[in-house]
Amino acid sequence: MSRAWGRLTLPGKVVFTLVPLLLVLSVALVIVIAVFGGAMLDILVANVGIVRFLVAVTILLLLAPPSAFIIIYMEMKIIALMNLRLGPDRVGPWGTLLSTVHGLKVLMKEDFTPTGADRIVFTWAPIVVFMASVMGALVIPFAPGLIAQDLNVGLLYFFAVGGLSVVGLLMAGWSSYNKYSLLGGLRSAAQMISYEIPLTLSVVGLLILAGTMSLNTIVENQGPWFTDWYVFQQPLGFVIFFIAATAEANRTPFDLTEADSEIVAGFATEYSGMRFGFFFFAEYINVFIMSALLVTLFLGGWQAPFPFPELHIALDPGSLGIWLLLGIAIVPVVATLVLAAPFYLLRSSTPWWQALIAGFLLFNVLAVGAVLGIAYVNFDFVAGILWFMGKTYAFVFVFVWMRGTLPRIRIDQLMGFAWKWLLPASLVNLFVTAAAIVVVGN
Amino acid sequence: MSLIPGFGMVRGMALTLRRFFEPKVTVRYPEVKPDIPHKFRGRLQLLYDEYGTLKCETCFQCAQACPIECIDMGGIDTKGRFHVHWGAAETYGERRDESALRRSGRPVPDAAYAHFEAADLSALEAILEEHDHDPAHMLQILEATQAAYGYLPVAALKRISQTTGAWYAMIYGTASYYRHLRFEPAADERQAEALSGRRPSEAAFLSGLDTALGGGSDRRGVN
């Protein structure tokens, strides 16, 4: 027994340990479901709200790191291109996996707590910041029907949860026992609280127009043409919201909380390993969520900019019968051969295998395009999520673009701008909107 | 335009967006090598060590290796005078010996500042006329010169370089490549005999050459 065990490689040891464990567990699961299945289903159905919440939070938490990776990669690549550099190009195609590798690296680093730090607060701060960022996505409608919870006070909830990240940053700054961290934390408190006021007030005019705080309803109001988007009725509100969102997400030119040329890394100075990773992820998820909220409120969310002509492909796969299976088997081969033919016939120097590869790749491109097109036409949420993600990432691009261009502003300019310009401007926007509604009579 | 608030920001954003689409300057070094002329050796520079002493040992290897004779040396002599040119290119080898002497603390012969001896060039002019000042006939010219003078004087080489237009270094290279061409008067007999005793076949070859060229065989006295 021990000799057989000794001959196993490391993966072998892992597999031979896990397989019996999985077998036992699955058998146990089957028995549990068979015995208590009905009762469990009843409990789940009875508590569908909680179940829905848990599923949504799990999905959001699972999707948060990949979207952060995408945005971090975008930032590295776009700023590099703007600096006339190439940027990441080694790990994965065009360097796309570099941010993922960074994430794994962060995961493997030592995670220490400095002497003198307030351990409990120090440990909880990144969690608070990360959760505050992720929980905001619970009320954002990604597509028609694709919303975790359509709260009737969705916008209020969003601002409430978003305001929680100040607490996290202040916790990190205070508990680190480091003057730079404290400076960063206090700066973040001052900045984010100041900018939350114009951020919230700039939306009030829009709320008067929409008559609701439910983000889903706000998106549904902005259709079907792009001229119905609220950005054309609330241009000033849009500009104020954009600037304040930049400050809320701690992005350049308002990134004073972690100004690395002034206070090392601000509140994150003493953090290392995955705790720092949580701050890092939270920052980029914040960028995504602020862009998403901007798109939801002012740019029609998942609405297409024009009503797409109604095309319904009347093809029921079930009616094909056995031909469906045969088609799945035959179509790729035939299409590959047909698409390879021109490559082979039109140029005498192309070997047959290269022509076949080209034909197969072309078939794949066409098939993916066809599948996406059919999905776009037949399923509203596919079209919605495509438009929503397109608009959101366009704004992520704008945030990154601003980071590649603008220098950081001074702290007194930052505060003066918030209180002397943005706040009066948002009040003017609110009064003008209210007056317009009274005059026009809605 | 600068009075419009935010216009500077718009211009900055436009600049970065233009840069975004411009060709990039990065060279992916191991895969892509920059296009550099094959004789390029980087920037020529004299380096100092950590004590502030010049690292150059005046070994003249750089000047010898320079394919276009662009490297030369200068320095301060014992009387504090600055000399730029330390001699003809063919004396660089001697300069190396000199620098070794200087570093070892032994006295250095003063020949560094002596120019080459003037020679009577009328015979050379006739030879050059005969070969039409053609650098393609360099070997024949050099052999005829050696036949006339017994060896290749520096003055003659300079003159050949002047009238044929060939680089001095190329002429020097040609002359130093062939064993039978020499830059000094032929060695005395005893040395030649000692050499021939050790390497008879080479001695026979050299004597044959000397006979063919009509110079030195009578003085060398090969058996």
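Protein chains get the first letters and strands the later ones, always in sequence-line order, with residue 1 at the start of each. Hydrogens, waters and symmetry mates are skipped; everything else that's a heavy atom, side chains included, is used. As the structure is a prediction and not an experimental result, all values here were calculated from the model.
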Original post:
In this structure, are over 12 heavy atoms from other groups packed under 6.0 Å from A:F226 atom CZ?
Top reply: no
So which N and O atoms of chain B and chain A form donor-acceptor pairs under 3.5 Å?
from, atom 1, to, atom 2, distance (Å)
B:M13, O, A:W401, NE1, 3.0
B:T16, OG1, A:W401, NE1, 3.1
B:T16, OG1, A:T405, OG1, 2.7
B:K24, NZ, A:L81, O, 3.3
B:V25, N, A:L84, O, 3.2
B:T26, OG1, A:L86, N, 3.3
B:R28, NH1, A:D89, OD2, 2.9
B:E31, OE1, A:R90, NH1, 3.4
B:E31, OE1, A:R90, NH2, 3.3
B:E31, OE2, A:R90, NH1, 3.2

Subject >> Interchain contact, A:I78 with chain B, by part (heavy-atom threshold 4.5 Å) >> reply: both
Original post:
Contact part of A:L86 toward chain B, heavy-atom cut-off under 4.5 Å: side chain, backbone, both or neither?
Top reply: both
Original post:
What part of B:L15 gets closer than 4.5 Å to chain A, counting heavy atoms only: side chain, backbone, both or neither?
Top reply: neither
**OP:** Under the side-chain contact (heavy atoms from CB on, under 4.5 Å) rule, collect the residues that match up with A:V91, sequence neighbours excluded.
**Re:** A:L97, A:L98, A:V101
